[in-house]
Every structure is written in structure tokens, then in C-alpha cells.
Chemist: 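Before anything else, here's the structure in question.
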Amino acid sequence: MFLIKFGGSVITDKTQPCVFKADVVDRLASEVQRAHKDVILIHGAGSFGHILAKQYRLHDGYKQKRQLKGAALTQAQVQQLNTLVLHALHAHHLPAVSLPAHVILSLRNHKPLRVDYSLFTRYLDMKFLPVSFGDVVLDTTLGFSICSGDLLMQLLAVKFKPEKVIFVLDEDGLYSANPKTDRSATFIQDTTVGELKQFTTRSNTHADVTKGMEGKLRTIAPIAKAGIDTILLNGNLHNRLYDTLQGKKVRQTVIHGEKV
Ligand code: IPE
């Protein structure tokens, strides 16, 4: 089984509220279909979630009554995005079913408290394609908070030990520094969590990239510890996902799982 995340910036235009990249998602769906693999798919919220979540400060939890509307609206918008993703998968005859994070889990101070993995198992056993996504969820300490797609990836990877964990991004993978501003930046092809930790301490002048890399590292470290390889690849380029699912080496970053 492969665990795949479509990043929010691949499937939506992050600069404008609720703009779905239908062509990209349609092509990615066809790449998944052609590969004929068992898959759990997670997708990010992109501009269907982040804009409202920021506006209503949902990440900090429930502090003011007006946030209730914001939380409800955000949940509805990410669900709308999920429906668009499902339609794209269905158009390619993939039996995709929706398992929203607000149904399958709850958090305690941002950390997982209850996760219903059995729904994934039952749908997978029947050869459905379970799809979950970054969402607003109940949090027993904070009232509600955000469950990111990355957290779902981490939990499902450790639980189900997929063959590979794949993050579909709008970049080729990881660089040693910000390639847009630093000419010495090099592309990282094969690496380990240990090696990446050194990068983040060495390159902490590159705030953006470091923050991005640190966030990804926090997600990937437990996956690597469980012995699973994580691949970061560019979803805007044709067949990078398909080739990877076929075991073909393309331009991508592989963070190798530790020997367990
Ligand atoms: C965020 O999910 C969820 C909400 C803002 C409701 P992600 O963090 O997985 O989304 P992307 O991939 O960054 O867009």
C-alpha cells in the first residue's frame, strides 16, 4: 500500500480563496489510476482552509464565540474541496471514499487522542480508496483545533507501514537552502532524518526554507523511525507520481527509513 498526500498548494491556488486546480488533480488522479496500486490518499486544505483558519485564528483553539462560525465555515469549505478531489478520482473509476478527520479523530492540545483506524482497514480490505484531509477537529483541551494533512500522514504511516510514503508538492523536493535566493543551494536527492537535522541547524539563516524543512522533518522523523522511506516529488510535472509508484527513479527527494 502507498500513502500519498496531495499538498494544498498543488491542488489549489494558495493565493486566492477556494480556487481548485482541476486540471492538475485530474492528471494526478489518472496517474494513481494507471499505477494500479492500493492507496490511502490524504490532501491538504490549501486556500479552501488556510485563509479562513488564519482569519478566525482556529489553530489557537476556541476563545471567542465568533470563531464558531469560522470553524464551521472552514470545515464546510475543506469538505467542498474533498468532494472536488473525490469527483476527479471517480472520473478515473477509482472507488474513493471520504473519511474526514473530524469524524475519525479528536485531539488533545494538538496531539492525537482518539483515532479510528478501523475505518481505513475496513475500506482498504474491500479495495476502496480511502481519502482523508486537513480539517478542523474537536480538541478536548482547546475546544477545536486544526488537524493537518501532515499529521494524518504521520499517524497512518506509523499504523499501516505503507510500502512508501509520498508527498506530492509544488517543488521537486528539498534543497540545502532556498534555491530562489541562494545560488549555492543544492538539490537533496537521497538523505536521512539525521542528515536533514544538520542542514536545519547549519542553514538557520534561511528562515523560510528552514521553517519549511523543520516542519516536514517533524512529520517525517517518526515515519523514518518506523523504517519507511518518504518521497517528496513535484506534482506539477507529468508522470513524476506515476513513475514513482512504478518504482522508477525520477527527480525527487528520498528520506530513507531507519533500519528497524
Ligand atoms: C490544513 O491542512 C487544514 C486546515 C487549514 C483546515 P494542511 O496543512 O495539510 O494543508 P496544506 O497542504 O498546507 O494546504
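Whatever order the structure lists them in is the order used to number ligands and atoms, beginning at 1. All values reported here derive from a predicted model rather than from experimental measurement.
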Chemist: Check Asp38 with Lys127, please: is the shortest side-chain N to carboxylate O separation under 4.0 Å?
Modeler: yes
Chemist: Is there a nitrogen or oxygen of Lys5 sitting under 3.5 Å from a nitrogen or oxygen of ligand 1?
Modeler: yes
Chemist: Looking at Tyr117, does the NZ or CZ of Lys159 lie under 6.0 angstrom from its six-membered ring centre and within 45 degrees of the ring axis?
Modeler: yes
Chemist: Applying salt bridge (Lys or Arg N to Asp or Glu O under 4.0 Å), run through Arg122 and Asp125 and close with a yes or a no.
Modeler: CA-CA 5 Å; Arg122 286 165 61 194; Asp125 282 351; over 6 Å; no
Chemist: Hey, is ligand 1 close enough to His43 that some N/O pair sits below 3.5 Å?
Modeler: no
Chemist: Look only at interatomic distance and state if Cys147 has a nitrogen or oxygen under 3.5 Å from any nitrogen or oxygen of ligand 1.
Modeler: no
Chemist: Determine, step by step, whether Asp150 and Arg218 satisfy the salt bridge (Lys or Arg N to Asp or Glu O under 4.0 Å) criterion, reporting the C-alpha distance in whole Å, the side-chain angles of both residues, the deciding distance to 0.1 Å, and the verdict.
Modeler: CA-CA 9 Å; Asp150 282 14; Arg218 231 171 295 131; over 6 Å; no
Chemist: Let me see the working for Asp172 and Arg240 under salt bridge (Lys or Arg N to Asp or Glu O under 4.0 Å), right down to the final yes or no.
Modeler: CA-CA 9 Å; Asp172 288 357; Arg240 290 266 167 108; 3.3 Å; yes
Chemist: Is Asp139 paired with Lys111 through a side-chain N to carboxylate O contact shorter than 4.0 Å?
Modeler: no
Chemist: Please list the nearest protein heavy atom to atom 5 (C) of ligand 1 with its residue and the distance rounded to 0.1 Å.
Modeler: Gly49 C, 3.7 Å
Chemist: Counting only heavy atoms, which portion of Asp135 has something under 4.0 Å from ligand 1: side chain, backbone, both, or neither?
Modeler: backbone
Chemist: Show me which atoms of ligand 1 lie under 4.0 Å from any heavy atom of Ile146.
Modeler: 3 (C), 4 (C), 6 (C)
Chemist: Among Asp116, Leu138, Val115, Leu151, which residue meets the side chain to side chain contact (heavy atoms under 4.5 Å, CB included) test with Leu105?
Modeler: Val115
Chemist: Note the single closest protein heavy atom to atom 4 (C) of ligand 1, along with its residue, its atom name and the distance in Å.
Modeler: Ala45 CB, 3.6 Å
Chemist: Would you check the N or O atoms of Val136, main chain and side chain alike, for any that come under 3.5 Å of an N or O of ligand 1?
Modeler: no
Chemist: Go through ligand 1 atom by atom and flag the ones less than 4.0 Å from a non-hydrogen atom of Gly149.
Modeler: 2 (O), 7 (P), 9 (O)
Chemist: In the protein, which heavy atom is nearest to atom 13 (O) of ligand 1, and how far is it?
Modeler: His50 NE2, 3.0 Å
Chemist: Could you list which atoms of ligand 1 come closer than 4.0 Å to a heavy atom of Gly46?
Modeler: 14 (O)
Chemist: Touching ligand 1 at all, Lys14? Heavy atoms, strictly under 4.0 Å?
Modeler: yes
Chemist: With only distance considered, is Gly8 within less than 3.5 Å of ligand 1 through an N or O on each side?
Modeler: yes
Chemist: Return the CD1 to OH distance between Ile51 and Tyr56, rounded to the nearest 0.5 Å.
Modeler: 13.0 Å
Chemist: Which of these passes side chain to side chain contact (heavy atoms under 4.5 Å, CB included) with Ile223: Asp229, Ile255, Leu3, Thr230?
Modeler: Thr230
